[in-house]
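Worksheet: one structure, shown below.
We name chains A, B, ... by the order of the sequence lines, and we start the count at 1 in each one. Everything quoted here is computed from the prediction, not taken from an experiment.
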2 protein chains.
Amino acid sequence: MEDDIDRLVPDVFSRRCDSRTALEHVTGRWGILAMAALLEGTFRFNALRRRVDGVSEKMLAQTLQQLERDGFVHREARPTIPPHVEYSLTALGRAVAERLHDLIELVEGRLPEVLAARAAYDAAVTGVPGRSRAPAGGATPGPA
Amino acid sequence: MEDDIDRLVPDVFSRRCDSRTALEHVTGRWGILAMAALLEGTFRFNALRRRVDGVSEKMLAQTLQQLERDGFVHREARPTIPPHVEYSLTALGRAVAERLHDLIELVEGRLPEVLAARAAYDAAVTGVPGRSRAPAGGATPGPA
DNA sequence: AGTTGGCACTTTCGAATAGTTAGTACTAAG
DNA sequence: CTTAGTACTAACTATTCGAAAGTGCCAACT
């Protein structure tokens, strides 16, 4: 992405490429979970918020707006009071969500290995399993 | 993940599940790009930094440490001055990186659709294509 | 001789973003 | 009457990120 010719080839490694932000939206902390939940079906706002444990209204609203703008999510609002809004995946969003789902399944399925690695790392760093501490600074190659 | 029995089943939708942070590490802004770069081969620190456009030394160091601790990345440091450190994917990291790569390929390949969606969204929101503005607040269902 | 560049980080401080809380306006149910 | 629900937004606080400088040594260049 160093000049105009290169700009025609999407490349997430280049910070100036629009694909970078699109990728960040679908893999952001709340984006990936919202997409994965929507793969299960259409949700209303608060139902989605309950599905994605820990997300605030603000962050969810912001995330859904980004995803909608990128074309991954479809928002259907009825002119009612109280509001009635439904969110669902677009075809593009579904393609992305399926890959996110694959990733999530893998990470969940191999969590024991991650936990074991963490314990081993912590023990190597501090000599005490379960206690994480950054290696000391300086120009010396750190332990690991 | 509401009680001890549920804690045995990894579930990224639950904020208390360790798989949540593991997923956040590999899909974080810099994590996903570092993993994708390492899929290309082993990198030394500054080579990786050059590969991932826009990342600071601080964020890269922090990201690599997280990934190493989770067991996705292997760090090989020689006891030399100047330092000589190499980063590569573990087997677990490779499995994850391959899925990240699939996702990246998809997002890059369908970027034109994302850009078209953004233009359409901005036009619908502001009447001016290319100019993004959040819908007005209140309890009224927003336009979209 | 001095200067510069390279290596892989860490530290400090300000900028940016995420999170918390309260608010909007209406209806239905208790 | 109060409470709960709906889908957000605004204001303030907390946390994280980014920019810049620093570490200590060696090699290459002037």
Report the distance from atom [atom1] of [X] to atom [atom2] of [Y], rounding to the nearest 0.5 Å.
| X | Y | atom1 | atom2 | result |
| --- | --- | --- | --- | --- |
| A:F72 | A:L100 | CZ | CG | 9.0 Å |
| B:L67 | B:T90 | CG | OG1 | 9.5 Å |
| A:L64 | A:H25 | CG | NE2 | 12.5 Å |

Please tell me which of the listed nucleotides, [options], lies nearest to the side chain of [X]?
| X | options | value |
| --- | --- | --- |
| A:M59 | D:dT6, C:dG19, C:dA8 | C:dG19 |
| B:Q62 | D:dT6, D:dC17, C:dC7 | D:dC17 |
| B:K58 | D:dT6, C:dA8, D:dC17 | D:dC17 |

Donor on one side chain, acceptor on other, A:R94 and A:S88, under 3.5 Å: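 No.
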Any A:R44 side-chain N or O less than 4.0 Å from OP1/OP2 of D:dT6: no
Contact under 4.0 Å: B:R75 side-chain N or O vs C:dC9 OP1/OP2: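 For B:R75, the contact criterion (side-chain N or O under 4.0 Å from OP1 or OP2 of C:dC9) is met.
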For [X] and [N], give me the distance from atom [atom1] to atom [atom2], rounded to whole Å.
| X | N | atom1 | atom2 | answer |
| --- | --- | --- | --- | --- |
| B:F43 | C:dA8 | CZ | P | 13 Å |
| B:E86 | C:dC9 | CD | P | 12 Å |
| A:L60 | D:dT6 | CG | C1' | 14 Å |
| A:H84 | D:dA7 | NE2 | P | 7 Å |
| A:R15 | D:dC17 | CZ | P | 17 Å |
| A:L64 | D:dA7 | CG | C1' | 11 Å |
| B:Q65 | D:dT16 | CD | C1' | 16 Å |
| A:E57 | D:dA7 | CD | P | 10 Å |

Using 4.0 Å as the upper bound for N to carboxylate O, is an ion pair formed by [Y] and [X]?
| X | Y | answer |
| --- | --- | --- |
| B:D53 | A:R15 | yes |
| A:R69 | B:D122 | yes |
| B:E86 | B:R44 | no |

Sugar-phosphate, base or nothing in reach of B:S56, heavy atoms under 4.0 Å: nothing
Proximity to DNA chain D (any heavy atom under 4.0 Å), residues of residues 23-34 of chain B only: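 Result for residues 23-34 of chain B: B:R29, B:W30, sorted by number.
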